[in-house]
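We use all heavy atoms of the structure for the numbers below, so side chains are in, but hydrogens, waters and symmetry mates are not.
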Amino acid sequence: MSVWKARDFWEAPLGQETGTVTAISGLPESSQSIQCSRGCLNLVRQSERTIADIIIAGTWSGILRGYYPEQANYVHEHFLFEKQLDGPILQIENGNFILGSTTLGAFQLAVLHPDRITICYYAVNKSSDDTTGLAVLRTYKLKASAYSMVTGMFGGIKGRQMICVATLDGRFTIIDQETVIETPVLEDFLLPGPLCYLPDRDSFLLGSSSWTADCYSYSEMASKAGLISSKPDQQTRMRKAWTYNCGECLVDIKAGSEREKNPVLLLGERHLFWLDLNGIMRSIRRLDCSPSFLTLYPSGKDGSFSFIMGTTMQTIFVFEEMIPKWTSRLPAPVVDVRVAKVAGAEGMLVALAEDGHVSAYYLGTDPEVYETKATATTRKFNEDEIKIETNRLAEMIRQSEAAVASGVVAVEQGNEPSAVTVTVGAFSDISFAFDPRQQAASQRTPISKTQVTVESKVGILSDVQIDVQLSDPFVCVLTHSVIDELDRAVAIGLTVQNTLQAGPQQLSGVVVVRFMREGVNRIQKETFSLPFGLVAQPTALAKKAQLKLDFDISPNSIKLADFFPDLGPQADGLGLSVDFYGVGIATILVSKKQETKIRIQSDDPSLLVLVCREFQRRMAFLAPGNTLVCASNFLNEEFEAILQQKVEASKAYDTLKADLTLWTTQLFVVEKRFLARLKDRDISIVNKLEELLEATQEKVMLPKYFIKNTFLRLHPFLVH
């Protein structure tokens with residue numbers, strides 16, 4: 001027997017508890033953090049909702065929540081409802097308790113409070129006036145404090161279920177729609193224990209404080225309570241059908257529904273008892289741990305039963321009959337575990353932690369085995385249609401492989417000229433306009449306009465798509481992004497706007513043109529520079545800054561007015577400061593004694609790098625004979641941190657690209673095998689490959705989001 005740790009599969013976030021449970025002075029914090037107990041977890045399985053079971057969880061704060069886990073990872077759509085009830089929740093059961101109140105796709109819940117029972121109703125199609133989707137149908141007030149309850153078709157009734165509540169004064173309260181009756185006080189009663197209903201005997205099994213398990217028939221209870229009036233009520237106490245002396249306090253009682261064995265399991269503090277319906281012991285097992293609960297579940301084998309036993313040490317044991325088959329350790333202490341269907345996977349362990357967390361775990365193998373588990377279908381296939389579709393998909397795969405081998409992206413390869421030329425014109429002067437995406441409508445942001453010219457050199461190209469890629473905080477608008485037929489030069493208007501929502505990362509963009517040529521998707525890219533005025537404007541000279549870089553320019557001196565004519569008269573003289581629209585200020589200073597020495601300074605390292613790049617770009621264009629040499633110690637602490645971040649981001653980016661390449665290769669292999677197997681008459685194999693293909697496609701899409709996030713981290717340090 002191997003001890004394996006249970007693996008997380010699904011977990012719902014815990015909301016803020018604002019109920020009637022308050023901290024009690026004198027108790028440790030671990031005790032005050034307990035928000036629920038055994039019985040606060042329930043599952044609802046509906047025939048029309050086959051993907052997953054509905055999980056119902058309650059807390060002592062009186063909050064009732066419902067979840068429908070359709071996927072492996074929790075999303076907001078899994079949350080069905082949340083309802084604040086009037087008292088602490090002790091136990092939850094589901095069934096048809098009130099006739100005429102349940103429609104298709106709806107269910108009822110019986111919620112046990114210390115002084116009442118609440119019948120709740122949930123409908124799939126929520127009404128407009130009920131935001132939670134959960135409504136309270138009826139409330140039954142109890143005369144004594146409740147301990148536990150069971151539900152079932154007592155007395156052989158059909159079409160509805162009744163409720164039996166064990167109270168602390170030693171009575172049973174039976175609820176049947178409008179009828180509420182109470183039984184006499186139980187014999188030799190001190191405190192109640194766990195309660196269980198035996199449907200095959202129509203009896204109730206109750207653990208008592210005298211360390212016994214007492215069985216009471218429903219007919220006896222009903223006759224003494226006056227529900228069955230065939231005999232007058234002359235006795236004040238009920239007779240027991242049978243009694244089993246356990247010799248220790250009982251923790252939990254569960255009864256199975258297997259027709260051959262009908263197990264009755266009694267969980268004691270040190271032993272596990274297996275009885276039959278007549279109270280005769282069939283087996284007993286000594287326990288070396290402190291148990292906390294029992295959960296029976298269908299074993300899938302005829303004539304046998306299986307159950308899960310939980311302990312107070314975060315460990316669960318899986319038994320087949322009385323033989324332990326598996327044990328596993330959970331990440332946190334739990335008060336109840338149910339076997340459910342989650343995200344299409346059967347056999348998941350839904351656990352309720354002490355603090356109210358609801359999680360789903362699996363044991364052993366990966367749950368993808370269950371997700372891709374195929375079921376045979378009786379669909380009729382048209383062989384002619386399958387043959388045509390197979391040939392079409394095979395041709396697509398051959399074209400894709402040939403394109404990958406020869407280079408799909410048609411940015412010039414070798415001496416082959418490009419099929420499309422892209423030209424970006426000069427940008428207009430900076431103007432200011434409102435940004436419709438910002439809430440502050442009074443704020444104007446800088447914009448600049450230009451034209452993008454796209455021309456075909458190989459004749460007519462159909463369905464040409466144009467896109468512009470810009471980094472934050474820039475956004476752009478194209479007059480049109482799709483050209484149906486490109487047979488000449490087409491000019492497209494481009495407007496670039498700085499949203500001022502973040503600091504600038506770079507002053508460049510990329511025009512991407514996508515088109516189809518010779519049956520292969522091709523891409524043409526053209527990089528362009530943005531005007532410096534989109535990110536900065538001249539301001540008063542600031543001579544103080546934390547980060548400073550000194551440069552030597554040779555052989556000729558420079559004038560800032562010649563390098564920055566777009567910034568107006570502020571560029572005259574030996575100093576220039578620019579304001580990045582509230583993000584920060586950068587300054588360029590020219591030495592008075594030697595005009596070949598300059599200093600670029602700023603408090604923000606990203607702005608300092610941006611100004612250095614812009615100055616170098618302008619010098620290469622206006623004074624190509626000059627060289628720029630850094631005279632400062634560039635590798636100080638600030639820039640070492642930047643370089644370290646760049647190295648880490650680059651490693652993560654390369655790892656994600658390798659994972660994507662691996663899953664893409666596997667996708668091609670699965671596609672080939674799927675096409676080869678389409679002609680087989682074994683439908684189960686085709687179904688398995690189809691589901692495996694879908695699972696592999698999901699794997700291919702997963703690294704996409706990680707690559708995008710890593711690229712955003714790496715993007716400010718890329719040199720274009």
- Query: Rounded to the nearest 0.5 Å, what separation is found between the CZ atom of Phe432 and the CG atom of Asn498?
  - Reply: 9.5 Å

- Note: Glu11 and His357 closest approach over all heavy atoms is OE2-CD2, 3.5 Å

- Query: Within a strict 4.5 Å, meaning less than it, do heavy atoms of the Met516 and Asp463 side chains meet?
  - Reply: no

- Item | Separation between CG of Leu470 and CG of Leu494, rounded to the nearest 0.5 Å | 7.5 Å

- Message: For a 4.5 angstrom cut-off between non-hydrogen side-chain atoms, does Leu507 reach Arg613?
- Response: no

- Message: Would you say CD of Glu694 has more than 12 non-hydrogen atoms from neighbouring residues, nucleotides or ligands within 6.0 angstrom?
- Response: yes

- Query: Which heavy-atom pair separates Ser481 from Leu478 by the least distance, and what is that distance?
  - Reply: CB-CD1, 4.4 Å

- Task: May I ask you to decide if Ala545's main-chain N or O and Asp603's side chain share a donor-acceptor pair within less than 3.5 Å?
- Result: no

- Start with the C-alpha distance between Ser602 and Leu547, add both sets of side-chain angles, then the distance that settles side-chain contact (heavy atoms from CB on, under 4.5 Å), and finish with yes or no. CA-CA 5 Å; Ser602 177; Leu547 304 177; 5.8 Å; no

- Query: What do you reckon, are the aromatic ring centroids of Phe79 and Tyr67 less than 6.0 Å apart?
  - Reply: yes

- Query: Is there a donor-acceptor contact under 3.5 Å from the side chain of Thr587 to the main chain of Lys543?
  - Reply: no

- Message: For Asp604 and Ser606, which I'm curious about, is there any donor-acceptor pair between the side chains at under 3.5 Å?
- Response: yes

- Task: Could you tell me whether the side chain of Ser508 and the main chain of Ser529 form a donor-acceptor pair under 3.5 Å?
- Result: no

- If you take all heavy atoms of Gly425 and Thr450, which pair is closest and at what distance? O-OG1, 2.9 Å

- Task: Return yes if some donor-acceptor pair links the side-chain N/O of Gln537 with the main-chain N/O of Tyr581 below 3.5 Å, else return no.
- Result: no

- Query: Checking side-chain contact (heavy atoms from CB on, under 4.5 Å) for the pair Val468/Phe474: CA distance, chi angles, key distance, verdict?
  - Reply: CA-CA 11 Å; Val468 178; Phe474 300 107; over 6 Å; no

- Task: Check the pair Glu526, Val452 against side-chain contact (heavy atoms from CB on, under 4.5 Å), reporting the backbone distance first and the verdict last.
- Result: CA-CA 10 Å; Glu526 181 67 24; Val452 179; over 6 Å; no

- Query: Just how far is it from atom CD1 of Ile492 to atom CD1 of Ile466, taken to the nearest 0.5 Å?
  - Reply: 4.0 Å

- Per the side chain to side chain contact (heavy atoms under 4.5 Å, CB included) rule, which among Ile447, Val477, Leu534 passes with Gln497? Ile447

- CG/Asp467: more than 12 non-hydrogen atoms of other groups inside 6.0 Å: yes

- With the side chain counted from C-beta on, respond yes when Leu486 and Phe515 share a heavy-atom pair under 4.5 Å apart, and no when they do not. no

- Item | Arg392 and Glu395 ion-paired at < 4.0 Å | no

- Would you give the length of the straight line joining atom OG of Ser359 to atom CE of Met348, rounded to the nearest 0.5 angstrom? 13.0 Å

- Message: With heavy-atom distances below 4.5 Å as the criterion, would you say the side chains of Leu541 and Ser577 are in contact?
- Response: yes

- Message: So Arg522 and Val420, do their side chains get closer than 4.5 Å, heavy atoms only?
- Response: no

- To the nearest 0.5 Å, tell me how far Leu549 CG sits from Leu608 CG. 4.5 Å

- Return yes if some donor-acceptor pair links the side-chain N/O of Thr453 with the main-chain N/O of Ala491 below 3.5 Å, else return no. no

- Can you see which heavy atom on Ile51 is nearest to which on Glu70, and at what distance? CG2-O, 3.9 Å

- Query: Please walk me through it: do Thr499 and Thr445 pass side-chain contact (heavy atoms from CB on, under 4.5 Å)?
  - Reply: CA-CA 6 Å; Thr499 61; Thr445 57; 5.7 Å; no

- Task: Could you tell me which non-hydrogen atom of Gly584 sits nearest to which non-hydrogen atom of Leu607, and how far apart they are?
- Result: CA-CD1, 3.6 Å

- Query: For atom CD of Gln616, is the number of surrounding heavy atoms from other residues, nucleotides or ligands below 6.0 Å larger than 12?
  - Reply: no

- When rounded to the nearest 0.5 angstrom, what is the spacing between OG1 in Thr423 and CZ in Phe528? 13.0 Å

- Between Ala343 and Ala72, what is the shortest heavy-atom contact and its length? CB-N, 3.8 Å

